[in-house]
Structure formats: structure tokens, C-alpha cells
Visitor: 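One structure is given below, represented as C-alpha cells, and several questions about it will come after.
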Amino acid sequence: LGLATGRGMNLTRDLGNTPPNICHPEWLAQQAKKLAKDHDCIKTEVLDEKQMEKMGMNTILAVGKGSTQPPRLIVMEYRGGKAKDKPHVLVGKGITFDTGGISLKPGEGMDEMKYDMGGSASVFGAMKVLAETQPKINVVAVIAAAENMPDGGASRPGDIVTTLSGMTVEILNTDAEGRLVLCDALTYVKKFDPAAVIDLATLTGAIMVALGYEYTGAFVNDDTLWSGLEASAKATGEKAWRMPLDETYRKDVESDIASVRNLAKTERWGGACTAAAFLQHFIDEGRIWAHLDIAGTSLVKADTDLCCKGGTGVGVRLLENYVHNLR
């Protein structure tokens with residue numbers, strides 16, 4: 001198990017460290033297909049932009065409109081449990097490069113935006129560990145992959161887009177793109193009738209303001225799920241801190257002209273909480289769900305005693321421990 005976990009973490013780091021001219025959505029899809037080819041217990045399906053358009057996954061498509069690299073929805077299934085057992089679903093944000101789109105980021109540090117697919121990388125690593133250790137449980141991984149670029153076809157602030165759920169989103173800032181790809185992915189996973197859903201995303205700079213680089217921000221709507229994640233965090237040394245999910249934040253992302261808005265009315269204040277509240281709008285009542293904001297923990301900017309510069313592999317040990325404890 002230890003060796004498998006190490007290999008899973010190395011895969012996560014390698015994916016994150018790969019240059020963005022190589023690591024784009026289709027390349028990520030190819031890595032998922034390779035994982036299925038290497039491990040018979042993994043089944044991979046990839047939805048292209050035409051399939052997503054037919055289904056109505058318009059927010060993922062909206063994020064990718066400004067790029068020559070088309071978006072992909074990547075689905076990996078591991079079925080180690082009984083056929084009747086509901087799967088646990090992992091969802092990863094896979095923005096392979098994030099310029100901010102029309103709401104362009106400052107140039108300083110933009111090279112680090114190749115790590116904006118850190119959530120998807122963590123999910124890849126966790127699935128590799130499952131494939132090598134084969135616990136008796138069902139797990140489905142869904143990765144929403146897109147590249148956020150600015151060109152004449154890119155989404156604009158002021159656009160309104162209809163999501164897969166049927167709700168509409170008022171796009172006020174194209175740099176708040178992670179929640180746009182995740183909302184369609186979180187709607188898509190309902191087809192699996194999951195026992196629980198855990199998404200991982202480098203979602204907000206605000207979580208780094210709140211918790212720095214030490215703790216992953218955990219937004220969890222179920223105490224039992226949080227107890228399991230907290231125990232795994234302590235067991236693996238991957239620190240996580242439970243953050244509030246409050247009705248006030250939900251109201252803060254409601255729009256006057258659409259169902260929701262991707263920039264809260266309070267804008268920068270409580271940004272990690274309002275981002276989580278946006279995602280919560282796409283979680284059915286009664287669905288057990290956790291959102292892990294790993295923006296501060298997925299990357300180190302200089303060599304340390306514990307990790308070399310680059311991707312940390314965060315999330316792999318936490319997810320592996322949590323999933324194996326469910327058996």
C-alpha cells in the first residue's frame with residue numbers, strides 16, 4: 001500500500017509539473033486511457049466537446065471557448081465492490097492553464113497556472129492507488145478539463161450560460177472559471193447515484209488568505225463524512241480545516257438576472273466560502289458532499305525539507321486512506 005501510494009503521489013506531481021503546452025485537456029484524457037490500459041480494473045470514457053454540447057454541459061464549454069484546445073470530460077470507473085453498492089465519486093478540477101480569460105490575470109506568476117489542474121491530478125493519483133491495491137469498493141472519478149484562454153471567441157463578463165442542471169449562470173468574472181467547469185461535472189455525477197461526492201480543486205486564492213499553505217479548506221455538508229475525512233487527514237498528515245457552509249453565502253451568489261452568479265455580491269470577502277456556496281447550488285438536497293479547496297496545499301514554490309519545488313501530490317494520501325477505511 002505504501003509503495004502504491006507513493007506511485008500515486010508521483011503521478012499527481014508529474015501531471016502537475018508537466019508544461020501546459022503538453023498538458024492540455026486531450027492529453028489528460030490520453031493519460032486516463034493509459035491508466036485503463038495499464039490496469040484492467042479501470043474503465044475510462046472521454047466525452048468530447050460535441051458530446052458535451054449535445055448534453056447541455058455549456059459551462060465547461062464556455063470556459064474552453066477561448067482556447068484552440070477543446071475541453072474534455074474524463075470519466076474513470078473502478079468497480080471493486082458489489083454491483084449493487086453505490087460508488088463514491090471523486091471530481092477534479094482540470095484547468096490545464098488559466099490565463100483568467102478576458103478577465104486576464106497579471107503576468108507575474110502566471111506560469112504557475114499550469115498547476116490549476118491540481119484537483120484532477122490528485123484524483124488521477126488516487127485512482128492509480130486504487131488500481132494497484134484493488135480494495136472492495138466502487139469509486140468513480142470525473143475530471144472536468146479545459147484551458148482558459150482569451151481570444152475573440154472567449155466568454156465575456158456579462159454572459160449568461162445555461163448549465164447541465166438547467167440553472168443559468170451569470171458570468172461576471174471569467175477568472176472564476178473553476179466553479180463553472182465543476183458545476184456541470186457535479187451535475188453529471190448524479191447519474192451514478194453516488195454514496196458521496198468529494199471534489200478537489202485549486203479553486204480560490206481566498207483559501208490561501210484564510211489558511212495559508214498549511215491546510216486544505218474542507219467544505220462538508222455531512223458530519224459523518226467530515227469525521228472520516230478529518231481522521232484520514234490526521235492519519236496521513238495532510239492537514240484539513242473545516243470551513244463554513246452557510247445560507248448567507250448561498251444567497252450571496254444568487255443573481256438578479258440568472259439563477260446564480262460566478263462572482264459573489266461581496267466580491268473578494270469570504271471568497272472561498274462563496275465559491276463553495278456556488279458549487280452547493282448544484283448539489284441535490286440530501287446528497288453527501290465535500291469540497292476540498294487545495295489552492296494553498298497543492299504547490300510549493302521552493303524546496304523544503306518535506307517536498308521539492310512544484311506539485312506536492314496533496315490529496316492522494318487523504319483520499320486513499322479515506323476510501324480504504326470505507327471497506
Side-chain angles (χ1 to χ4, degrees), residues 25 47-67 70-73 89 91 93-95 98 100-103 142-191 197 199 201 203-204 206 219 221 245-287 289 291 293:
L47 303 183
D48 63 22
E49 67 273 29
K50 292 181 180 178
Q51 291 169 297
M52 287 190 282
E53 183 177 12
K54 186 176 181 180
M55 292 177 63
M57 306 184 80
N58 297 310
T59 47
I60 294 179
L61 296 173
V63 172
K65 281 172 59 178
S67 174
R72 294 287 183 265
L73 189 81
V89 173
V91 177
K93 172 188 170 184
I95 300 297
D98 182 21
I102 297 299
S103 306
V142 175
I143 290 167
E147 186 179 61
N148 189 23
M149 300 287 283
D151 82 350
S155 296
R156 298 154 292 244
D159 285 357
I160 294 179
V161 180
T162 302
T163 69
L164 178 61
S165 71
M167 288 194 291
T168 52
V169 176
E170 180 187 6
I171 299 175
L172 293 169
N173 188 321
T174 62
D175 194 23
E177 85 299 325
R179 64 201 72 183
L180 296 180
V181 300
L182 285 175
C183 73
D184 271 351
L186 290 171
T187 301
Y188 178 82
V189 303
K190 295 176 185 179
K191 66 178 286 186
V197 178
D199 77 71
L203 203 64
T204 66
F219 298 83
N221 69 356
L245 284 170
D246 190 276
E247 186 64 24
T248 301
Y249 300 124
R250 285 176 58 89
K251 291 180 179 178
D252 207 21
V253 294
E254 293 175 356
S255 169
D256 295 330
I257 57 175
S259 303
V260 289
R261 44 190 283 159
N262 81 327
L263 185 67
K265 295 169 186 174
T266 50
E267 296 187 358
R268 59 184 292 198
W269 306 116
C273 298
T274 54
F278 178 95
L279 298 180
Q280 192 177 22
H281 276 276
F282 298 88
I283 302 297
D284 288 339
E285 187 174 352
R287 179 75 67 201
W289 164 69
H291 159 59
D293 193 334

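These numbers come from the heavy atoms of this one structure, side chains and all, not from hydrogens, waters or symmetry mates.
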Visitor: Measure across A201 and L182 and return the closest heavy-atom pair with its distance rounded to 0.1 Å.
Guide: CB-CD1, 3.7 Å
Visitor: Between T187 and M57, is a side-chain contact (heavy atoms from CB on, under 4.5 Å) present by the stated rule, with each step listed?
Guide: CA-CA 9 Å; T187 301; M57 306 184 80; over 6 Å; no
Visitor: Is a side-chain donor or acceptor of S67 paired with a backbone partner of M149 at a separation under 3.5 angstrom?
Guide: no
Visitor: What is the distance from atom CG of D98 to atom CD of E147, rounded to the nearest 0.5 Å?
Guide: 9.5 Å
Visitor: Measuring only between side-chain heavy atoms, which start at C-beta, is E49 closer than 4.5 Å to L61?
Guide: yes
Visitor: Taking side-chain hydrogen bond (donor to acceptor under 3.5 Å, both in side chains) as the definition, give me every residue that meets it alongside K251, ordered by chain and number, with sequence neighbours left out.
Guide: none
Visitor: Got a second to check how far D293's CG is from L203's CG, nearest 0.5 Å?
Guide: 5.0 Å
Visitor: Side chains of L186 and W289, heavy atoms from C-beta outward: is any pair under 4.5 Å?
Guide: yes
Visitor: Show the atom names and distances, to 0.1 Å, of all donor-acceptor pairs under 3.5 Å that link a side chain in residues 255-262 to residues at least two apart or in another chain.
Guide:
unit_1	atom_1	unit_2	atom_2	d
S255	OG	E170	OE1	2.6
S255	OG	I257	N	3.0
S255	OG	A258	N	3.0
S259	OG	T168	N	3.0
S259	OG	T168	OG1	3.3
R261	NE	L263	O	2.6
R261	NH2	L263	O	3.3
N262	OD1	L172	N	2.7
N262	OD1	N173	N	3.3
N262	ND2	N173	O	2.7
N262	ND2	A176	O	3.1

Visitor: Stepwise, does the side-chain contact (heavy atoms from CB on, under 4.5 Å) test hold for L73 with M55?
Guide: CA-CA 12 Å; L73 189 81; M55 292 177 63; over 6 Å; no
Visitor: Between E254 and D252, is any pair of side-chain heavy atoms under 4.5 Å apart?
Guide: no
Visitor: Using every non-hydrogen atom in the two residues, find where C183 and T163 come nearest and quote the distance to one decimal.
Guide: SG-CG2, 4.0 Å
Visitor: Given 3.5 Å as the limit, does a donor-acceptor pair link the side chain of T274 with the main chain of G271, or not?
Guide: yes
Visitor: With sequence neighbours left out, which residue pairs that include part of residues 275-285 fulfil the side-chain hydrogen bond (donor to acceptor under 3.5 Å, both in side chains) condition?
Guide: K190-D284
Visitor: Determine whether L180 and F278 make a side-chain contact, defined as any pair of heavy atoms from C-beta on separated by less than 4.5 Å.
Guide: yes
Visitor: Are any non-hydrogen side-chain atoms of S103 and P157 less than 4.5 angstrom apart?
Guide: yes
Visitor: Ignoring hydrogens, what is the shortest heavy-atom contact between A275 and T204? Give both atom names and the distance.
Guide: CB-CG2, 3.6 Å
Visitor: Among residues at least two apart in sequence or on other chains, which ones pass ring-ring contact (aromatic ring centres under 6.0 Å, His included) with Y188?
Guide: none
Visitor: At their closest point, which heavy atom of I60 faces which heavy atom of A144, and how far apart are they?
Guide: CD1-CB, 3.9 Å
Visitor: How long is the straight-line distance from SG of C273 back to CZ of R250, given to the nearest 0.5 Å?
Guide: 14.0 Å
Visitor: Which residues pass the side-chain hydrogen bond (donor to acceptor under 3.5 Å, both in side chains) test with D159, sequence neighbours left out?
Guide: R156
Visitor: Could you measure the distance from the NE2 atom of H291 to the CG atom of L245? Nearest 0.5 Å is fine.
Guide: 9.0 Å
Visitor: Can you run down the side-chain hydrogen bond (donor to acceptor under 3.5 Å, both in side chains) pairs that involve residues 57-66, sequence neighbours left out, and say none if there aren't any?
Guide: T59-D184
Visitor: Which value, rounded to the nearest 0.5 Å, describes the distance between E267 atom CD and W269 atom CH2?
Guide: 10.5 Å
Visitor: If you look at every heavy atom in A206 and A272, which pair is closest and at what distance?
Guide: CB-N, 3.3 Å
Visitor: Distance-only, no hydrogens or angles: does the S155 side chain make a donor-acceptor pair with backbone N or O of A62 under 3.5 Å?
Guide: yes
Visitor: Check whether any side-chain heavy atom of R287 lies under 4.5 Å from a side-chain heavy atom of N221, and answer yes or no.
Guide: no
Visitor: Within the structure provided, determine whether D48 and P70 are in side-chain contact (heavy-atom separation under 4.5 Å).
Guide: no
Visitor: Measure the CZ-CD distance between R72 and Q51 for me, rounded to the nearest 0.5 Å.
Guide: 8.5 Å
